[in-house]
Amino acid sequence: MNPNDLDAIRDARRAPGPVLRKAPGPVAWFDVRRRRAGSVAFSISRLAGLGLVFYLYLHLAVLSLLLRGPGAWGSFLRVATTPALLGMDVLLLFGLLVHGLNGLRVALIGTGVAPDRQKALLWTVMTVAAILLLYGALHILGSR
Amino acid sequence: MTVAHSRPPVTPGGSRAWRATALSGVAVLALVTVHMVAHHFVVQSVGGLRSYRQVLEYIGNPVIFVIESLFLVVVTWHAMLGLRSVLFDLGLSETSRRRASRALAGLGVATVAYGFALIGILASRS
């Protein structure tokens with residue numbers, strides 16, 4: 001990067017007053033139009049995170065069926081092992097991998113471990129996620 | 001379109017919250033891997049789902065009990081920090097931010113308390 005560009009960035013960071021941003025607003029992170037790969041990854045990761053919070057409470061509700069005994073749990077298993085629900089398990093695994101591995105990438109960058117390897121890290125974690133998702137999907141769907 | 005708008009107020013402890021999110025995230029990643037492999041991927045059944053008796057035997061193991069309890073605490077902590085971050089991005093006032101933080105802390109404590117009760121009851125049945 002040109003040293004003049006770096007100076008311009010530092011000056012912009014130090015400057016008081018208004019900040020120039022694309023599409024400002026409370027849900028600007030949701031708008032991925034004309035964004036770079038890192039910003040798109042952030043939006044997808046955040047959406048996956050919200051889905052995982054929903055799943056946390058759904059999981060606790062489902063596990064509560066165990067309190068009602070083997071009959072209630074058996075009824076749940078009959079529904080949970082249908083192809084549609086196993087497909088939802090694959091979707092869950094997708095959310096876990098995207099959110100978890102992208103979060104690891106952000107942590108490595110944010111803590112200064114790999115601050116200048118953003119794009120390489122993004123493609124590495126997404127490749128690992130794709131491989132693990134394929135393995136997981138085959139394991140889950142192939143178990144029928 | 002590029003539009004000028006006010007710089008958001010700097011939140012005291014914002015950096016601390018980010019570090020806590022990152023730290024809990026790394027812990028969740030390790031614990032969710034253990035949970036997925038130990039609980040689902042080693043079981044030879046459809047979808048890796050255990051029967052009622054198998055679940056009780058699993059959670060009755062003291063090592064698993066500790067790991068799952070730790071997982072519950074860390075995943076709830078991480079989830080509440082993530083929700084807080086999403087809520088703060090809505091541009092809440094300082095008062096609303098404090099209320100949101102308190103509400104999420106309460107929700108987190110209630111979630112962990114319910115989860116502990118659930119795990120404890122199931123472990124006692126094994």
Engineer: Measure distances from Thr21(B) to the heavy atoms of chain A and classify the residue's part below 4.5 Å as side chain, backbone, both or neither.
Structural biologist: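 For Thr21(B), neither part sits under 4.5 Å from chain A.
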Engineer: Measure up the Phe76(A) and Trp73(A) rings against each other and bin them: parallel (under 30°), tilted (30 to 60°), perpendicular (over 60°).
Structural biologist: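 Aromatic pair Phe76(A)/Trp73(A) classed tilted.
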Engineer: Is it the case that atom CZ in Phe54(A) sees more than 12 heavy atoms from other parts of the structure closer than 6.0 Å?
Structural biologist: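 No - once you tally the heavy atoms of other residues, nucleotides and ligands closer than 6.0 Å, there are 12 at most.
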Engineer: Going by atom types alone, do Ser93(B) and Ser96(B) pair a side-chain donor with an acceptor below 3.5 Å?
Structural biologist: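 The criterion, which ignores hydrogens and geometry beyond distance, is satisfied for Ser96(B) and Ser93(B).
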Engineer: Under a 4.5 Å heavy-atom cut-off, does chain B meet the side chain of Leu93(A), its backbone, both or neither?
Structural biologist: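 For Leu93(A), side-chain heavy atoms alone lie under 4.5 Å from chain B.
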Engineer: Is there a donor-acceptor contact under 3.5 Å linking the side chains of Tyr58(B) and Ser126(B)?
Structural biologist: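 Distance-only check fails for Tyr58(B) and Ser126(B).
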Engineer: Let's test your reading of the structure: which of Leu67(A), Val53(A), Leu60(A), Leu63(A) forms the most heavy-atom pairs below 4.5 Å with chain B?
Structural biologist: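 With the most close heavy-atom pairs to chain B, the winner is Leu67(A).
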Engineer: Side chain, backbone, both or neither: which part of Leu96(A) has a heavy atom under 4.5 Å from chain B?
Structural biologist: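 The side chain, not the backbone.
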Engineer: Picking from Gly110(A), Ala72(A), Gly103(A), Gly136(A), which has the most non-hydrogen pairs under 4.5 angstrom with chain B?
Structural biologist: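 Top count of heavy-atom pairs under 4.5 Å with chain B: Gly110(A).
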Engineer: Name the region of Leu83(B), side chain, backbone, both or neither, that has any atom closer than 4.5 Å to a heavy atom of chain A.
Structural biologist: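 Contact with chain A involves the side chain of Leu83(B) alone.
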Engineer: Are Thr95(B) and Arg99(B) close enough that a side-chain donor and a side-chain acceptor fall under 3.5 Å?
Structural biologist: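 On atom types as modelled, these side chains do not qualify, holding no pair under 3.5 Å.
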Engineer: Name the region of Arg125(B), side chain, backbone, both or neither, that has any atom closer than 4.5 Å to a heavy atom of chain A.
Structural biologist: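 Interface part for Arg125(B): side chain.
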Engineer: Is it the side chain or the backbone of Leu56(A) that comes within 4.5 Å of chain B heavy atoms, both, or neither?
Structural biologist: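 Side chain only.
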Engineer: What I'd like to find out is whether the side chain of Gln118(A) reaches to under 4.5 Å of the side chain of Leu122(A), using heavy atoms alone.
Structural biologist: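 Heavy-atom side-chain distance check fails, nothing below 4.5 Å.
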Engineer: Chain A: which of Thr111(B), Val75(B), Val32(B), Val28(B) shares the most heavy-atom pairs with it under 4.5 Å?
Structural biologist: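 Going by pairs under 4.5 Å, I would pick Thr111(B).
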Engineer: What are the two closest heavy atoms between Leu77(A) and Ser51(B), and how far apart are they?
Structural biologist: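 The pair with the smallest heavy-atom distance is CD1-CA, 4.1 Å.
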Engineer: Of the backbone (N, CA, C, O) and the side chain (C-beta and beyond), which part of Leu87(B) lies under 4.5 Å from a heavy atom of chain A, both, or neither?
Structural biologist: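 For Leu87(B), no heavy atom lies under 4.5 Å from chain A.
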